[in-house]
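Ligands are counted one by one from 1 in listed order, and the atoms in each one are counted from 1 as well.
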Amino acid sequence: MSVLVYIEQADGKFKKSGYEAVSYAKAIADAQGTNLTAISIGNVGDGELKELGKYGASKVLNVTSDQLSSFVNQAYASVIAAGAAKENADIVVLSNSFSGKGLAPRIAVKLTAGLIDGAIELPQTEGGKFHVKKTAFSGKAFAITELTSANKVIALNPNAFGVKELPVEAVIEAFTPEVKATDLVAIVKEIIRATDKISLPDAELVVSAGRGLKGPENWGMIEELATLLGAATACSKPVSDADWRPHAEHVGQTGITVSPNLYIAIGISGAIQHLAGVSSSKVIVVINKDPEAPFFKVADYGIVGDAFEVVPKLIEALKAHKG
Ligand code: FAD
């Protein structure tokens with residue numbers, strides 16, 4: 001019995017949510033009195049692989065097949081399941097990211113495992129039970145779910161646990177499971193980035209604006225603030241519906257889910273459907289002229305004021321700070 005954690009990478013670099021998944025999996029492995037093995041798929045350098053030891057992975061399975069250099073849902077799920085079988089792992093942990101949401105149920109089917117998606121706390125195992133707290137109803141509620149299966153798959157919500165260092169020496173082992181042709185029926189041939197801007201789902205900082213901005217002509221200051229901070233830009237649904245901003249920027253229940261370290265919401269009321277996509281942000285800053293705006297209830301910091309006065313002042317202050 002052991003714990004296996006899958007870490008996502010992009011362009012050869014592991015994502016922060018991956019390090020968080022390793023930290024969480026290490027805490028589970030320690031509680032179960034067992035080892036933690038990590039699995040990496042794609043072309044990742046040895047230095048980056050060794051880095052996983054910093055967060056508690058004592059072994060890293062390194063899968064570097066050319067067929068898997070781009071993300072392929074079915075094939076990645078099969079490889080992770082094969083890694084679990086090889087390591088005799090009864091618990092598989094991964095991030096509940098955009099890719100993780102597709103992978104976790106597939107891995108669970110392959111391992112005949114119970115699945116917790118959207119976990120936000122460590123499992124509670126009193127009395128031989130295995131209970132995990134998770135989000136439910138798009139983040140509007142919590143559920144305590146019991147897994148009764150021998151094998152378990154847990155997809156951790158980004159920012160729910162944090163990255164924790166618990167250094168051990170990581171041994172890197174090449175792993176070459178067979179990849180079946182039936183797992184490679186939809187493969188990425190080329191990736192063409194729509195813009196060279198920061199990708200919203202992975203952004204650590206997000207500057208987001210809503211209908212309070214009045215019109216698309218006013219987004220210059222939002223983009224300037226985002227550029228100064230090195231942040232991605234986002235918007236509420238009515239803003240993208242009105243074509244003020246591209247649909248790729250729409251966050252919320254029916255848009256993209258983001259989990260940045262900092263989410264700045266400007267002129268957004270904070271409707272429940274918007275909050276569903278941003279509530280796992282680490283720090284939320286709200287700028288709204290209405291002190292009763294619902295967004296203030298979930299904000300860590302709030303500025304009651306007119307965006308057209310506050311944002312230029314923020315930009316000025318940031319420029320002065322950088323200068
Ligand atoms: P508004 O509600 O119009 O709020 C504008 C805010 O700006 C107000 O709080 C106002 O006080 C403030 N403001 C105005 N002027 C200024 C100023 N000068 N300075 C500072 N503040 C100012 N919405 C999403 O965002 N994402 C979703 O995924 C989503 N999915 C939905 C799914 C369904 C099924 C439904 C029914 C709705 C969904 N919605 C979604 C819509 C959601 O209910 C809200 O209508 C929407 O989020 C409101 O957008 P908003 O806050 O930009 O606009």
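A 4.5 Å side-chain heavy-atom check between Val239 and His250 finds every atom pair outside the cut-off. With contacts defined as side-chain heavy-atom distances shorter than 4.5 Å, the pair Leu166/Asp30 qualifies. Using a 4.5 Å heavy-atom cutoff, the side chains of Phe14 and Glu51 are not in contact. Taking 4.5 Å as the limit, every side-chain heavy atom of Ile256 sits out of range of all side-chain heavy atoms of Phe98.
In the hydrophobic clustering of this structure, Phe295 groups with Val258; members are Ile, Leu, Val, Met, Phe, Trp, Tyr whose side-chain heavy atoms approach within less than 4.5 Å, directly or through other members.
For atom 15 (N) of ligand 1, the closest non-hydrogen atom on the protein side is Lys214 NZ, 2.9 Å. Looking only at heavy atoms of the protein, atom 47 (O) of ligand 1 is closest to Ala271 CB, 3.8 Å. Of all protein heavy atoms, the one lying nearest to atom 8 (C) of ligand 1 is Asn288 ND2, 3.8 Å. Here the protein heavy atom with the shortest distance to atom 19 (N) of ligand 1 is Ala307 N, 2.8 Å. In terms of protein heavy atoms, atom 13 (N) of ligand 1 is closest to Gly212 CA, 3.6 Å. In this structure, atom 33 (C) of ligand 1 lies nearest to the protein heavy atom Gln273 CG, 3.9 Å. When hydrogens are left out, the protein atom nearest atom 7 (O) of ligand 1 is Gly267 O, 3.1 Å; that is the closest non-hydrogen contact. Of all protein heavy atoms, the one closest to atom 18 (N) of ligand 1 is Asp306 OD1, 3.0 Å.
In this structure, Gly305 is part of the shell of residues with a heavy atom less than 4.0 angstrom from ligand 1. At a 4.0 Å cut-off, at least one heavy atom of Ile268 sits close enough to ligand 1 to count as contact. Judged by the shortest distance from any of its heavy atoms, Gly277 lies outside the 4.0 Å radius around the atoms of ligand 1.
The part of Val251 lying near ligand 1 is the backbone, judged by heavy-atom distances below 4.0 Å. When non-hydrogen atoms are compared, ligand 1 lies under 4.0 Å from the side chain of Phe308 (C-beta onward) but not from its backbone.
Near Gln253, meaning under 4.0 Å from one of its heavy atoms, ligand 1 places the atoms 27 (C), 28 (O). Listed by number with element, the atoms of ligand 1 under 4.0 angstrom from any heavy atom of Asp290 are 11 (O). For ligand 1, the atoms closer than 4.0 angstrom to any heavy atom of Gly255 are 28 (O). The ligand atoms of ligand 1 that sit less than 4.0 angstrom from a heavy atom of Ser269 are 1 (P), 2 (O), 4 (O), 6 (C), 9 (O), 48 (C), 51 (O). For ligand 1, the atoms closer than 4.0 angstrom to any heavy atom of Gly210 are 52 (O).
For Lys289 and Glu309, the salt-bridge test fails: no basic side-chain N is under 4.0 Å from an acidic carboxylate O. Remark: Lys319 engages Glu224 in a salt bridge, criterion side-chain N to carboxylate O under 4.0 Å. Classification of Lys101 and Asp117 as a salt-bridged pair fails, no side-chain N sitting under 4.0 Å from a carboxylate O. Between Asp46 and Lys50 there is no salt bridge, since no side-chain N of the basic residue sits under 4.0 Å from a carboxylate O of the acidic one.
Checked options Phe161, Tyr19, Tyr55; the residue passing with Tyr24 is Phe161 (criterion: ring-ring contact (aromatic ring centres under 6.0 Å, His included)).
Side chains of Ser95 and Glu8: a donor-acceptor N/O pair is absent below 3.5 angstrom, by distance only. Residues Asp183 and Ser78 have side chains that bring a donor and an acceptor to within less than 3.5 angstrom of each other.
Counting only heavy atoms, the protein gets under 4.0 Å from atom 35 (C) of ligand 1.
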